[in-house]
Amino acid sequence: MAELLLTGVEKAYGEVKVLKNIDLDIKTGELIVFVGPSGCGKSTLLRMIAGLERITGGDFSIDGVRMNDVPPAQRGIAMVFQSYALYPHMTVRDNMAFALKIAKKPQAEIDAAIDKAARILQLTPYLDRLPKALSGGQRQRVAIGRSIVRDPKVYLFDEPLSNLDAALRVATRIEIAQLKEQMPNSTMIYVTHDQVEAMTLASRIVVLAGGGIAQVGTPLELYERPENEFVAQFIGSPAMNLTPGEVVETGAETVIKLANGGMARSHVPTQAADKGRQVKLGVRPEDLVETTGDAIFEGSVEITEALGEVTLLYLAKDAEGQQVIAKLPGIRPELRHQTVRLGASPAKVHLFANGRSLLYR
Ligand code: ADP
Ligand code: MG
């Protein structure tokens, strides 16, 4: 059991509030991912949960017990850092046993904890090696093993994969997903700026921006139903295209006349009072298709990037200096310098007013 509840949590450094009004209810067994731009307060929030940073406002509890003033060691939390400092002169086994020895646990208990952690992390064959005889990924697993042996209720990870090279990052990401599956009752919070890690690992993602929470939801909720323009553009790569327009027909299907001269239909419902409303229309690059009918975007392709399974098209910037990006299936370098007409299924067309999605009101 480990349910974490944050209510109105804030962090101020002197006069500067870096986090405010953080409300979060994290259930036992969840893997919550904090994402957001650099400097938005991800590490600060994690460190407040760990007890390494004072909470300057609001309440934080674990299983109903207020934690604000409880020292880190008594919170039942283990934190795995980005830079994993293993003791170089100690074997894997001794590295993992260290905290338990300090805590004067009986040897039999230590051995059992290490055996179990080594099995989960597939480190059993390496228990008697020194860290220098391990790969980067194996060392990272030993660092995780040091927290598993303490059997914490909550695991906190702050960008644990960012020191690894690309291939190892993918492999270790999959290992962390498997690790979570073997520990269904432990709660994990994982900080990353890597979208793919967030999308693949999270049971729910918390998007942090501007000192607050921009949206909380499952990865696909954030992708399919972003609450605001920030989340719409932060989740998904390349970012969602946004373009201004005016609502000209309302109902279950909304018709938008675009400032760029195009027309679009959206399944986001609108009411009669919305007629004439200024909106921003959003379409993901992967949802744009070539069309001979009404175009949302029409323009000359300036650059093509053939990635193999898809080709990215960068249209010439429009009058407002905006560059539309489309992601078409297959290899399409012949489209360079051609004029393309791009549309989208009404189900894939998002609508925002004053920065907020019209789906949420
Ligand atoms: P992230 O992990 O999302 O990149 P951080 O949590 O490290 O961001 O930092 C959030 C903000 O808090 C940043 O603007 C940073 O400059 C500020 N900050 C962090 N630590 C301190 C500190 N000790 N004193 C003042 N400001 C700090
Ligand atoms: Mg950080």
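Because only heavy atoms are used, hydrogens play no part in the values below, and waters and symmetry mates are left out as well, while side chains stay in.
For the atom pair NZ (Lys101) and CE (Met96), the distance works out to 11.5 Å, reported to the nearest 0.5 Å.
Classification of the His89-Tyr87 ring pair by plane angle, with boundaries at 30° and 60°, yields perpendicular.
Using a 4.0 Å cut-off between charged nitrogen and carboxylate oxygen, Asp274 and Arg361 count as a salt-bridge pair. Remark: Arg173 does not engage Asp194 in a salt bridge, criterion side-chain N to carboxylate O under 4.0 Å. The pair Arg225-Glu227 does not meet the salt-bridge criterion, since no charged nitrogen lies less than 4.0 angstrom from a carboxylate oxygen.
A donor and an acceptor atom, one from each side chain of Ser43 and Asp158, are located under 3.5 Å apart.
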Stepwise side chain to side chain contact (heavy atoms under 4.5 Å, CB included) test for Val35 and Val206: CA-CA 6 Å; Val35 290; Val206 176; over 6 Å; no

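Enclosure of atom CZ in Arg66 by more than 12 non-hydrogen atoms of other residues, nucleotides or ligands within 6.0 angstrom is indicated. Counted within 6.0 Å of NZ on Lys327, heavy atoms from surrounding residues, nucleotides or ligands total more than 12; the atom is thus considered enclosed. Around CG of Asp165, the count of heavy atoms belonging to other residues, nucleotides or ligands within 6.0 Å exceeds 12.
Side-chain atoms of Arg139 come within 3.5 Å of backbone atoms of Leu134 as a donor-acceptor pair (strictly under, hydrogens ignored).
Under the side-chain contact (heavy atoms from CB on, under 4.5 Å) rule, Leu179 has a single partner from Leu31, Ile144, Thr172, which is Ile144. A side-chain contact (heavy atoms from CB on, under 4.5 Å) with Leu4 holds for exactly one of Thr187, Asp25, Asp63; it is Thr187.
Counting all heavy atoms, side chain and backbone alike, Tyr223 lies closest to His350 at O-CE1, 4.3 Å.
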